[in-house]
Structures are given as C-alpha cells and as structure tokens.
Q: 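Take a look at this one; I'll ask things after.
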Amino acid sequence: MNVFGTTRTTVKQRHALIAEDGHVPSSFPGWGNATGFVMISPAMGANLSQILIRFEADGGVARYPADDCEHVLYVEKGDCTATWDDGVVHLEAGGFLFMPAGHSLHLQGSEGTRITVFTKFFEEIEGVDLPPVVHGKASDIPAEPFLGNDKARLQVLLPTDARFDLAMNIFTYQPGATLPFVETHIMEHGLLMLSGQGVYRLEEAYYPVKAGDVIWMAPYCPQWFVAMGDEPASYLYYKDVNRLP
Ligand code: UGY
Ligand code: MN
C-alpha cells in the first residue's frame, strides 16, 4: 500500500515511464489464467502496443487473433508454448518469437511466466517478400560492442533486412557505461528494463529506472542512458525500422 500517493510513473505526451507499482490488469476475450498489463498503446499516442502477460496458473492461455498486426515477444521469466496456424515452439526464459501479420497466436504458459509482447501494424512493400516466423534464444545471439564500446553491448534478435519493419534488441551496459550521445530519431521505442538500474534521459527530464520499469519514447524523443549501481543494466527494446516515412 502506498500511503503518500507517490510513484515514479509519469505519462507525458511524448514519453512515459511506467513503474511496477502502478500496474492494473486488463482481461481479454479468450484469455484464461493469464493477465495482460497494457503498458504502451495507441491510447497514449503510440504506434505500437506493449503488453506484459503474466500467467497465473499452469496452462494459462493468452490469444491474439489473425489480423493486420505482427507481434514480437520475449519470455522474461518461466516458459511457454506458442502455437500458430501451422507451427508450434516451446520457449524458455530468454526465448523470443516473431509472428508475422495474418497469423493467430496462442500462448500457453506455466504459473509465474512473464512475457512481453510488442505489436504493430505491418507495413507491406510491393516487391519485398513477407517476413517469416522467427524464433530463438537471446543467449545464442552475439552481444556486439555498440559503436566500438565494449562496455555497452547490443544483441540484435531479428534479421535486419527489408522484409522486417521492426527490430527487437537487448542492450547491456556495465555500471558507468552510457549511450554515447543523446539520440533523437524518427524511430519509436517501447522498452522493458530487464536487470540493473540507471538513469534514463527522456526529452528534458532525467529518471531513475530499474528492472521491471517500462519506457515509451515517441518518435523524436531525445534519449540517453547511464547504467549505475553494482550490476550491469540491461533492457529489451522495440524499434520500427526499414520503411520510408
Ligand atoms: O537502437 C536505438 O535507437 C537505441 N540505441 N536506443 C536506445 O537505446 N534508447
Ligand atoms: Mn534509440
């Protein structure tokens, strides 16, 4: 219980920080023993949605219908089985899955499993192949030094060619490491702090952040990060890519 009515959560027009103390569950048709926490959505002005799914009991079910949206998900904790029209895969913690538009997706998780799902409308390009289903384990993806800094390493989970109009990456910083400059770009981000802590600059404000926090950065939101504390800080993030504005 919060007797003083305080929170680190803040929702602005061009960015938001959502801390875990403010989470409120939503229920959705066809879901059972699975709770959805809608962290980011068009209701706040975003072009994506980011939902945290928590499975409340073994065999909990979450579903996404087949429509014009594509999904990319990451298993933060626990394990789940993802089933679509003509495929199935079992994912452990650190597992990820990209599901192209036009497919329904059925997720069944064990009790306590936490999954983050990013969803956006797919932007098809004439003459470019449709993207395939992709799945894997983050631990199999090399962590490359970011712009030459081996204390700030980036894992790019999905292929980067023109079939894909989104990216999902993991950034890991040693304590004291930073984004090398204040980025300002057309791409939008949805972000989940996976571990550690630090300070995020969003537009003109500086926010202390830690594992479990979610951040939305609208296009052109100036952004910067420094990792602080004793452990490395890492975050999972979504980005729209590969399409002419
Ligand atoms: O890919 C990116 O734009 C990334 N460097 N941004 C971020 O970490 N805020
Ligand atoms: Mn960025």
Side-chain angles (χ1 to χ4, degrees), residues 8 10-19 39-40 44-50 70 72-74 76 96 98 116 118-120 123 131 134 136 138 141-229 231-245:
R8 288 180 301 110
T10 181
V11 180
K12 308 275 192 211
Q13 224 173 341
R14 312 283 308 150
H15 72 261
L17 166 64
I18 314 282
M39 301 293 177
I40 297 174
M44 76 207 299
N47 297 304
L48 73 140
S49 83
Q50 178 175 338
E70 58 194 345
V72 62
L73 66 82
Y74 180 81
E76 193 189 337
F96 62 88
F98 169 78
T116 283
F118 301 101
T119 298
K120 80 181 274 292
E123 293 170 64
V134 177
I141 308 285
E144 304 289 356
F146 186 64
L147 302 180
N149 182 358
D150 63 5
K151 296 199 157 52
R153 287 179 175 262
L154 190 63
Q155 290 167 281
V156 176
L157 304 182
L158 298 179
T160 56
D161 63 86
R163 294 171 301 167
F164 292 83
D165 68 356
L166 59 73
M168 184 171 70
N169 304 333
I170 296 177
F171 221 138
T172 303
Y173 301 76
Q174 296 306 310
T178 68
L179 260 184
F181 59 94
V182 181
E183 295 182 357
T184 307
H185 52 59
I186 189 169
M187 298 80 98
E188 185 172 14
H189 291 315
L191 179 154
L192 170 69
M193 289 294 299
L194 295 172
S195 61
Q197 65 183 85
V199 171
Y200 231 104
R201 175 186 166 145
L202 302 168
E203 298 184 88
E204 310 312 320
Y206 293 79
Y207 299 100
V209 296
K210 62 172 184 149
D213 289 350
V214 165
I215 294 172
W216 170 55
M217 294 171 238
Y220 296 105
C221 168
Q223 57 201 252
W224 178 84
F225 178 70
V226 57
M228 299 179 78
E231 317 162 24
S234 77
Y235 55 76
L236 173 78
Y237 70 99
Y238 154 99
K239 181 174 182 173
D240 53 309
V241 293
N242 279 335
R243 295 294 182 264
L244 263 175

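Ligands are counted one by one from 1 in listed order, and the atoms in each one are counted from 1 as well.
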Q: Let me check your reading of the structure: within less than 2.8 Å of the Mn ion (ligand 2), is there an N/O/S atom from Gln223?
A: yes
Q: Tell me whether the centres of the aromatic rings in Tyr74 and Phe96 are closer together than 6.0 Å.
A: no
Q: Between Tyr200 and His15, is any side-chain donor less than 3.5 angstrom from a side-chain acceptor?
A: no
Q: Run the contact test for Phe181 against ligand 1 with a 4.0 Å cut-off on heavy atoms, strictly below, and give the result.
A: no
Q: Should Ile215 and His189 count as side-chain neighbours, where that means a heavy-atom distance under 4.5 Å?
A: no
Q: Considering non-hydrogen atoms only, spot the tightest contact between Tyr220 and Thr184 and give its length.
A: O-CG2, 3.6 Å
Q: From atom 8 (O) of ligand 1, work out which of Tyr238, Tyr235, Trp224, Tyr237 has a heavy atom at the shortest distance.
A: Tyr235
Q: Below 4.0 angstrom from a heavy atom of His185, which ligand 1 atoms are there? Numbered from 1 as shown, please.
A: 3 (O)
Q: Among protein heavy atoms, which sits nearest to atom 2 (C) of ligand 1, and what does the distance come to when rounded to 0.1 Å?
A: Lys239 NZ, 3.2 Å
Q: Examine distances only and state if a side-chain atom of Asp150 and a backbone atom of Pro145 form a donor-acceptor pair shorter than 3.5 Å.
A: no
Q: With no hydrogens and no angle check, is any side-chain donor or acceptor of Arg153 less than 3.5 Å from a backbone partner on Ala143?
A: yes
Q: Between Leu154 and ligand 1, which residue portion shows a heavy-atom distance shorter than 4.0 Å: side chain, backbone, both, or neither?
A: neither
Q: Nearest protein heavy-atom contact for atom 6 (N) of ligand 1: which residue, which atom, what distance?
A: Glu183 OE1, 2.9 Å
Q: Is the backbone of Tyr207 close enough, under 3.5 Å, to the side chain of Arg201 for a donor and an acceptor to pair up by distance?
A: no
Q: Please give the atom name: the N, O or S atom of Glu183 nearest to the Mn ion (ligand 2).
A: OE1
Q: Going by the order shown, which atoms of ligand 1 are within less than 4.0 Å of some heavy atom of Tyr200?
A: 7 (C), 8 (O), 9 (N)
Q: Nearest to the Mn ion (ligand 2), which N, O or S atom of His189 do we find?
A: NE2
Q: Considering just N/O/S atoms, say which atom of His185 is closest to the Mn ion (ligand 2).
A: NE2
Q: Could you check, using the six-membered ring where one of them is a Trp, whether Phe225 and Phe171 have ring centers closer than 6.0 angstrom?
A: no
Q: Is there a donor-acceptor contact under 3.5 Å from the side chain of Arg14 to the main chain of Pro219?
A: yes
Q: Heavy-atom pairs closer than 4.0 Å: do any link ligand 1 to the side chain of Met187, the backbone, both, or neither?
A: neither
Q: Using a 4.0 Å heavy-atom threshold (strictly under), name the region of Phe171 that reaches ligand 1: side chain, backbone, both or neither.
A: side chain
